[in-house]
Structures are given as C-alpha cells and as structure tokens.
Amino acid sequence: QWLLVVSSSLWVTAASLLLLLVALVLAGDYEPSRYYYLAISGIGYILFPCMVLDAAVWTNRFPRFD
C-alpha cells in the first residue's frame with residue numbers, strides 16, 4: 001500500500017516538473033535572455049534525477065515487501 005503512495009507521489013512530481021519545463025519552453029513569446037536559458041537548464045537539471053532516478057529506477061528496483 002505504501003509503495004503505491006510513494007511511487008505515485010514521485011511520478012506526480014516528475015510529471016509536474018516536465019509540464020513546467022514544457023510550459024516554459026512554449027511560453028517564449030519574448031526575446032530569450034540568459035535567465036530564460038538558465039531557468040530551462042535548471043528545471044532540466046532537477047527533472048532528470050527526479051524522473052529517471054526517483055520515479056523510474058527507485059520504484060522498480062526498491063524491494064517490495066508484500
């Protein structure tokens with residue numbers, strides 16, 4: 001039961017970061033500056049370990065005690 005709660009919260013966090021990155025990229029109706037690229041790289045930097053390591057690897061490799 002707890003594994004479902006933990007894995008769901010990890011996937012929701014990863015999905016929200018992915019949506020935030022997509023929204024930031026698509027909302028570029030202005031001239032991008034270095035802060036824009038810094039924001040994109042910062043979200044990408046936190047998205048990778050959150051999505052790949054936490055949501056995908058951790059939930060598949062963590063031992064299940066059923």
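Position 1 is the first residue of the sequence, and the numbers go up from there.
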Practice task
Report the residue from Leu20, Leu26, Val25 that forms a side chain to side chain contact (heavy atoms under 4.5 Å, CB included) with Val22.
Solution key: Leu26
Exercise for the section: Could you tell me whether a side-chain N or O of Ser41 sits under 3.5 Å from a main-chain N or O of Leu38, the two making a donor and an acceptor? Expected result: yes
Exercise for the section: Over all heavy atoms of both residues, which pair between Cys50 and Thr13 is shortest? Give the atoms and the distance, please. Expected result: SG-CG2, 3.7 Å
Exercise for the section: State yes or no: do Val12 and Leu18 share one hydrophobic cluster built from I, L, V, M, F, W and Y residues joined by side-chain heavy-atom distances below 4.5 Å, directly or via other members? Expected result: no
Exercise for the section: Following the transitive rule for hydrophobic clusters with a side-chain heavy-atom cut-off under 4.5 Å over Ile, Leu, Val, Met, Phe, Trp and Tyr, establish whether Tyr45 and Leu19 coincide in one cluster. Expected result: no
Completion exercise
Heavy-atom closest pair (Leu21 atom, Gly44 atom, distance to 0.1 Å) is CD1-N, 4.5 Å
Handout entry: Closest heavy-atom pair and its distance - Ile43, Leu17
Key = CG2-O, 3.8 Å
